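What follows is a single structure, written as structure tokens, with notes after it.
Remember, it's a predicted structure, so these values are computed and weren't measured experimentally.
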Amino acid sequence: MSYGPVVIGADLDLAATARAIAEPPRAAMLLRLMDGQAHTARDLAEAAGISPPAASPHLRHLVDAGLVSVTVTGRRRLHAIASPEVATAIEALAAISPLLPVESLREAHAGSRLQTARVCYSHLGGSLAVALARRITADGVVDAMDTNGGGTVGTLDHPLLAELSIIDLSGFTGPMVRGCMDWTERQAHLAGRLGTALLVAMLEHGWLLRRPGDRALNISAAGTGHLTKLGIWPLDAIAETTSTG
């Protein structure tokens with residue numbers, strides 16, 4: 001008697017992945033790794049607010065669950081998000097998760113920086129990212145996109161892309177463009193190849209600067225100047241120009 005094709009399991013074990021993430025130190029480590037960089041156990045322990053010895057079992061859980069990969073370079077063990085799929089899952093969870101309570105002025109400043117500009121694994125997140133997505137979409141570079149699927153890049157002929165020397169997206173992987181729900185702005189920002197190209201170019205041109213210790217980005221004076229000239233940033237300056245123009 002045949003019962004059809006052999007299945008490995010009855011259904012997906014979402015609870016196993018949830019258990020791997022559920023401890024606050026592990027969640028903090030995953031969020032730190034969303035800067036798209038590889039980090040030592042000491043870096044991740046500091047991000048989680050625990051000692052390096054205490055971090056070891058947490059990292060082992062994340063590695064065993066397939067959420068984090070480890071690369072050995074000499075005497076250093078570097079940890080990174082295991083795959084783009086893991087990063088996408090963390091992005092989705094971030095969009096439905098409550099914010100952590102602010103318990104100090106330092107945490108308030110950190111939250112403000114994350115809300116303005118941050119690395120979202122392979123692309124830019126925050127209010128700057130949403131402003132860029134609005135302009136790119138309004139000017140016809142991409143068609144209207146949502147977070148349920150990808151979009152289409154209609155042209156790379158745009159002043160912003162010209163200033164950043166973005167003329168080709170073939171050096172990047174993934175869909176040409178897709179919407180990623182921004183957890184602070186509750187609107188879509190740009191992901192996919194175009195989103196990665198923008199982040200890489202803005203870092204290379206010095207418009208954005210990485211910060212040690214977190215995934216927030218500083219907008220440099222040069223970046224503010226270029227973005228203001230293009231009418232993209234800062235948002236209060238744009239609103240004032242619109243109201244008086």
Side-chain angles (χ1 to χ4, degrees), residues 30-39 67-73 78-92 94 117-126 128-182 188-212 214-220 222-227 229-230 232-233:
L30 288 173
L31 289 176
R32 182 71 183 93
L33 290 169
M34 283 296 285
D35 68 352
Q37 307 276 83
H39 292 277
L67 302 176
V68 169
S69 62
V70 182
T71 302
V72 179
T73 306
L78 297 175
H79 302 77
I81 295 292
S83 68
E85 291 76 18
V86 173
T88 300
I90 295 171
E91 291 170 1
R118 63 183 179 274
V119 180
C120 188
Y121 186 59
S122 63
H123 54 274
L124 180 65
L128 173 58
V130 171
L132 289 169
R134 282 203 205 102
R135 173 54 62 86
I136 288 289
T137 303
D139 291 351
V141 174
V142 301
D143 61 11
M145 59 176 189
D146 57 40
T147 55
N148 294 321
T152 302
V153 176
T155 179
L156 294 178
D157 182 14
H158 188 274
L160 170 66
L161 304 183
E163 292 241 17
L164 291 169
S165 305
I166 297 175
I167 59 174
D168 182 32
L169 301 177
S170 62
F172 303 99
T173 59
M176 295 300 286
V177 66
R178 69 174 176 86
C180 175
M181 179 59 69
D182 195 282
H189 58 236
L190 294 167
R193 295 188 190 189
L194 182 56
T196 301
L198 281 167
L199 173 62
V200 170
M202 292 177 83
L203 287 168
E204 289 181 346
H205 282 69
W207 294 18
L208 296 175
L209 305 172
R210 289 188 183 271
R211 290 177 49 82
D214 63 34
R215 65 191 189 284
L217 297 167
N218 288 336
I219 306 173
S220 68
T224 299
H226 284 286
L227 293 166
K229 183 178 71 174
L230 292 165
I232 297 173
W233 188 266

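Within the 4.5 Å cutoff, no side-chain heavy atoms of V68 are placed close to those of V86. Within the 4.5 Å cutoff, the side chain of I167 has no heavy atoms near those of the L156 side chain. Within the 4.5 Å cutoff, the side chain of D139 has no heavy atoms near those of the L160 side chain. No side-chain heavy atom of M176 sits under 4.5 Å from any side-chain heavy atom of T152. Proximity of R178 to H123: side-chain heavy atoms (C-beta onward) are separated by under 4.5 Å at one or more points.
Closest approach of L217 and R118 over heavy atoms only: CD1-C, 3.9 Å. Of all the heavy atoms in G174 and R193, the pair that sits closest is O-NE, 2.9 Å. What you find for A188 and G179 is that their closest heavy atoms are CB-CA, 4.3 Å. When every heavy atom of T137 is checked against every heavy atom of D143, the shortest pair comes out as CG2-O, 4.1 Å. Contact record, A80 with L33: CA-CD2, 4.0 Å, taken as the closest heavy-atom pair. When every heavy atom of L230 is checked against every heavy atom of P159, the shortest pair comes out as CD2-CB, 3.7 Å.
A donor-acceptor distance shorter than 3.5 angstrom exists from the side chain of T196 to the backbone of S122, with no hydrogens or angles considered. Under a 3.5 Å cut-off, the side chain of H39 and the backbone N or O of H79 do not form any donor-acceptor pair.
Atom CG of N218 sits in a crowded spot, with more than 12 heavy atoms from other residues, nucleotides or ligands closer than 6.0 Å.
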For this session: Step by step, work out the side chain to side chain contact (heavy atoms under 4.5 Å, CB included) result for Q37 and R215.
Result: CA-CA 9 Å; Q37 307 276 83; R215 65 191 189 284; over 6 Å; no

Exercise. Stepwise, does the side chain to side chain contact (heavy atoms under 4.5 Å, CB included) test hold for V119 with R210?
Worked result: CA-CA 9 Å; V119 180; R210 289 188 183 271; 3.7 Å; yes

For this session: Decide yes or no on side chain to side chain contact (heavy atoms under 4.5 Å, CB included) for H158 and R135, but give the supporting numbers first.
Result: CA-CA 10 Å; H158 188 274; R135 173 54 62 86; 4.2 Å; yes

Exercise. Going through the distances and angles, do L194 and V141 end up as a side chain to side chain contact (heavy atoms under 4.5 Å, CB included)?
Worked result: CA-CA 10 Å; L194 182 56; V141 174; 4.2 Å; yes

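Interatomic distance, L198 CG to I166 CD1, rounded to the nearest 0.5 Å: 4.5 Å. Taking NZ of K229 as the start and CG of L227 as the end, the distance is 10.0 Å to the nearest 0.5 Å. To the nearest 0.5 Å, atoms CD1 (I136) and CG (L161) are separated by 4.5 Å. With rounding to the nearest 0.5 angstrom, the CG atom of L124 is 9.0 Å from the CG atom of L190. Expressed to the nearest 0.5 Å, how far CD1 of I81 lies from OH of Y121 amounts to 7.0 Å. Summarising the geometry, atom SG belonging to C120 is positioned 10.0 Å from atom CG belonging to L199; distances are rounded to the nearest 0.5 Å.
Relative ring orientation between H226 and W207 is described as parallel, the plane-to-plane angle staying below 30° on a 0-90° scale split at 30° and 60°.
One side chain, S170 or D168, offers a donor N or O that lies under 3.5 Å from an acceptor on the other.
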